[in-house]
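Here is the structure we will look at.
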Amino acid sequence: MLNKREGADLDALRLIDDRLRWLSAWTIHHANHLRESADGLKVGGHQASCASMTAIMAALYFHALGPNDKVAVKPHAGPVLHAIHYLLGSQSREQLEAFRGYGGMQSYPSRTKDRIPVDFSTGSVGLGVAITAFASLVQDYLVAHGLMKPGETGRMVALMGDAELDEGNIYECLIEAYKHDIRNCWWIVDYNRQSLDATTAERMFRRFDEIFASLGWRVVTLKYGAALEAAFRGKGGAALKAWLDEVSNADYAALTYLGGAAWRERLAREAPAVKPVLDAHDDEALHALMTNLGGHDMAALVEAFDACRDDVPTLFIAYTIKGFGLPFAGHKDNHAGLMNPGQAAALRAGMGIAEGEEWEPWAGLGGNSAEAAKALVETCRIAQAKRARPWDVAEVPEIVPPAGEEQSTQAAFGRILLDLSRAGGALADRIVTTSPDVTVSTNLGAWVNQRGLFRRADLPDVFAAAKIPSAQKWAATEAGQHIELGIAENNLFLMLAALGLAGDLFGERLFPIGTVYDPFIARGLDALNYACYQDARFMLVATPSGVTLGPEGGAHQSINPPLIALGQPGLRHYEPAFVDELALIMAEGFRLIQREDGESVYLRLTTRSIAQPARQGEEWKAGALAGGYWLRPPAEGAEAALVYCGAIAPEALAAWEALKEDVPGLGLLAVTSPDLLHRGWSERRSARWSGRGAATSHVERLLAPLAPQAGLVTLIDGAPASLSWLGGVAGHRVSPLGIERFGQTGNLPDLYRAYRLDADAIVEAAAELFLDQEDKSSP
Ligand SMILES: Cc1ncc(C[n+]2csc(CCOP(=O)(O)OP(=O)(O)O)c2C)c(N)n1
Ligand SMILES: [Mg+2]
């Protein structure tokens, strides 16, 4: 039995549920029907998807959540989250009125753009769900490393649609989460049996339970509400339950849309034994009964949440109705459905809200009810202000490049991490490495030997215990600093996203470094974009890369990642050729991770060992960080330059040697970041248009000494378009060399010859440019 206070709280929660349904619907309605439109475009929004989970969110936010809990909200229920903050006083009416407008509240919850605190951005379905599992692992990591007190931890919650369960990344995540024995995670499914296009497959009924249960999750199903449960116990109830348990999702949704008379006709025809129930209800009451599902039953929700206060990961399957309480409830096309003005007015009147009081938080409620609801809102324990992000938490020491005449950037990367580990300090202690089963082959091994694998429960190194010789220690403890992942690359990016938000979510910044083979970045692209979209900060080290991988062949040789990086905001691509560049760039990466105006860094490295240059002076360093520098400066007015990026530096140098006599003043430009050069160039142009100064960009300054009609031969072990745009900077002619066909096996001389990356190809390309020029200049 509920005591009086609990009963009153439930009533207040029901009022809040109604209010959230109203406010979310009204926010969307206002943007579509009342706000002036400058372009005549439909603004959109998802009234049905919001109405589906207002009860769940009312119970969660105003009853179950604690101050340390974090939530990923189903993207198309974003307006409900804003309505919650509106009731709390932490969201303004102006922002709601500007829904989907420029500078207004965003369509889908956004950590960076919304003004209310959003724990996790959502939008690409499935990713927001999975990141909560990784965030719970990060929380455990911080506790294990003494960066968080056990009493400061919270629960990571995902509110998800049932169609999100079709996203494969959910299951990759589940497997990883099981291996790492995650805890303090709730996933709450708004099981409305509808997706965007139609109704979802009832064949999956109970299958999800089995999948989750087999991977260590407690599954709590809230199928029927209290009224239906009571009806099941009465006359005709058994037949009613039997019919409801068997009805197809499409039938249930269609009847929900059609209403009481349709329910009556159908039940009378298909389940005559239900007659006592039909007789006891008029059409309206019958409709209310038949749509009385667990996910809209406040008592059931509160009880379910209260019963799961331990740390066991829990899946709640809450049966709901898409568009609950709205005129298009259950209609298969209701996903983007919008109420028309008449329907919105009817809803308003039904809620007792007077015209003109639509935005009043508690309009239409009697004094006692309003007070009860307000009182409950005041006890809400969620964070109402955005958390300040911790910047500049660790000093970055100078990173000394590893010594050696011939080296690869991949090996040097491993060596640098080992040196950092040995030297110790705040930075090294906050580095967390992670890799999807390529730890050893991306040279993280030495670091891992030093710092160990992370596991909440110790994992012995069986091979070491059996004295089987191995270069790799593989014991895991709570103190470890490497999180080993299974081979699913998508999980790497979600892990990096969660680690890269540790400062925002838990107040302690980490320096996450993830390694992956360059071509397999593509496997996790949406998750990478998702991590960047939320401004998670990390270092992505992709190696090996390009056809320079040689004998491994075309399936492992990457072509387009430099272009991916060129188009990816929030991620800075560096591709150093030499290890002294790498050392500088890694230090810069650690600074960028913790700087307010920083970003994440992508290092494209290689296993190719090449001769290291003898340096004179320090000038090259600033250029290397800014995206490029002249390895062999051109003479003023030079007619040509060779431009290279990354592992094929020796070919560029050889070509330069071969050409320098014939082309006086020939320059050799080392590009360490096509991405950064391009950004500087386009930023400068947009700055000029908007009247913000006119300082030249780095790439313009680099190319300034060349003659206006000079030719550039560009080369990269990747898509040639990564560098060919350089011709647009000052109008130079370009011959772009790079990889345009799938790779294949071979040794480097053979492959470089076949793919036109060798010195001969460069010389030929340069000659061609000059011939073109002569052709044009001859009368
Ligand atoms: C990765 C991805 N694919 C497609 C979409 C477009 N989309 C938005 S919501 C949705 C279906 C949602 O159904 P469900 O998860 O059941 O949510 P509901 O609205 O029914 O609560 C789709 C396909 C998306 N947002 N993300
Ligand atoms: Mg759905």
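Keep in mind that the numbers below use all heavy atoms, side chains included, and drop hydrogens, waters and symmetry copies. For reference, positions follow the sequence shown, starting with 1. Counting starts at 1 for both ligands and their atoms, in listed order. All values derive from a computational prediction rather than experimental measurement.
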(request) Flag atom 5 (C) of ligand 1 as yes if some protein heavy-atom distance to it falls below 4.0 Å, otherwise no. (result)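 Protein heavy atom within 4.0 Å of atom 5 (C) of ligand 1: absent.
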(message) Going by a strict under-4.0 Å cutoff (protein heavy atoms only), does atom 24 (C) of ligand 1 have a neighbour on the protein?
(response)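 Protein heavy atom within 4.0 Å of atom 24 (C) of ligand 1: present.
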How far is [atom] from the closest protein heavy atom, and which atom is that?
| atom | result |
| --- | --- |
| atom 10 (C) of ligand 1 | Leu196 CB, 3.9 Å |
| atom 26 (N) of ligand 1 | Val125 N, 3.1 Å |
| atom 16 (O) of ligand 1 | Asp162 OD1, 2.6 Å |
| atom 15 (O) of ligand 1 | Gly161 CA, 3.2 Å |
| atom 18 (P) of ligand 1 | Lys322 NZ, 3.4 Å |

Can you tell me how far [atom2] of [Y] sits from [atom1] of [X], rounded to the nearest 0.5 angstrom?
| X | Y | atom1 | atom2 | answer |
| --- | --- | --- | --- | --- |
| Met105 | Glu97 | CE | CD | 11.5 Å |
| Asp162 | Thr200 | CG | OG1 | 4.5 Å |
| Asp675 | Ile564 | CG | CD1 | 12.0 Å |
| His33 | Ile28 | NE2 | CD1 | 10.5 Å |
| Tyr224 | Leu244 | OH | CG | 4.5 Å |

(request) Could you pull out the closest heavy-atom pair between Leu165 and Met160, with the gap in Å? (result)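 So the minimum-distance heavy-atom pair works out to CD2-CE, 3.6 Å.
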With a cut-off of 4.0 Å, which atoms of ligand 1 are near a heavy atom of [X]?
| X | result |
| --- | --- |
| Asn192 | 18 (P), 20 (O), 21 (O) |
| Ala163 | 13 (O), 14 (P), 15 (O), 16 (O) |
| Lys74 | 18 (P), 21 (O) |
| Glu164 | 15 (O) |

Between [X] and [Y], what is the ring plane arrangement, given parallel below 30°, perpendicular above 60°, and tilted in between?
| X | Y | result |
| --- | --- | --- |
| Tyr257 | His331 | perpendicular |
| Phe305 | Trp186 | parallel |
| Tyr191 | Tyr319 | tilted |

(message) Please tell me whether Tyr252 and Trp263 form a close aromatic pair, meaning their ring centres lie under 6.0 Å apart.
(response)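 Yes, the ring centres sit under 6.0 Å apart.
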(request) Could you tell me whether the side chain of Gln343 and the main chain of Asn340 form a donor-acceptor pair under 3.5 Å? (result)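 Checked: pair present.
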(request) Ignoring hydrogens and angles, tell me if any N or O in the side chain of Asp17 forms a donor-acceptor pair with the backbone of Ala58 under 3.5 Å. (result)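 No.
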Does [X] approach ligand 1 within less than 4.0 angstrom via side chain, backbone, both or neither, non-hydrogen atoms only?
| X | value |
| --- | --- |
| His76 | side chain |
| Gln194 | backbone |
| Asp190 | side chain |

(request) Return yes when Gly123 approaches ligand 1 closer than 4.0 angstrom through a heavy atom, no otherwise. (result)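 Under 4.0 Å: yes for Gly123.
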(request) Can you establish whether the number of heavy atoms outside Arg115 located under 6.0 Å from its atom CZ is more than 12? (result)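 No, the 6.0 Å shell around CZ holds no more than 12 heavy atoms from other groups.
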(message) So for atom OH, which belongs to Tyr178, do other residues, nucleotides or ligands contribute more than 12 heavy atoms lying within a distance under 6.0 Å?
(response)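 Atom OH in Tyr178 is not packed in, count stays at 12 or less.
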For ligand 1 and [X], I'd like to know whether there is a polar contact (N/O to N/O, distance under 3.5 Å).
| X | answer |
| --- | --- |
| Ser195 | no |
| Ser49 | yes |
| Ser124 | no |

(message) Judged on heavy-atom distance to atom 1 (C) of ligand 1, which of Glu167, His335, His46 sits nearest?
(response)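 Nearest heavy atom to atom 1 (C) of ligand 1 lies in Glu167.
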(request) Answer yes or no for Arg572 and Phe538: cation-pi contact, defined as NZ/CZ to six-membered ring centre under 6.0 Å and angle to ring axis within 45°. (result)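 Arg572 over Phe538 ring: no.
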(request) Pull up every protein N/O/S atom sitting under 2.8 Å from the Mg ion (ligand 2), skipping waters. (result)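 Result, waters dropped: Asp162 OD1, Asn192 OD1, Gln194 O.
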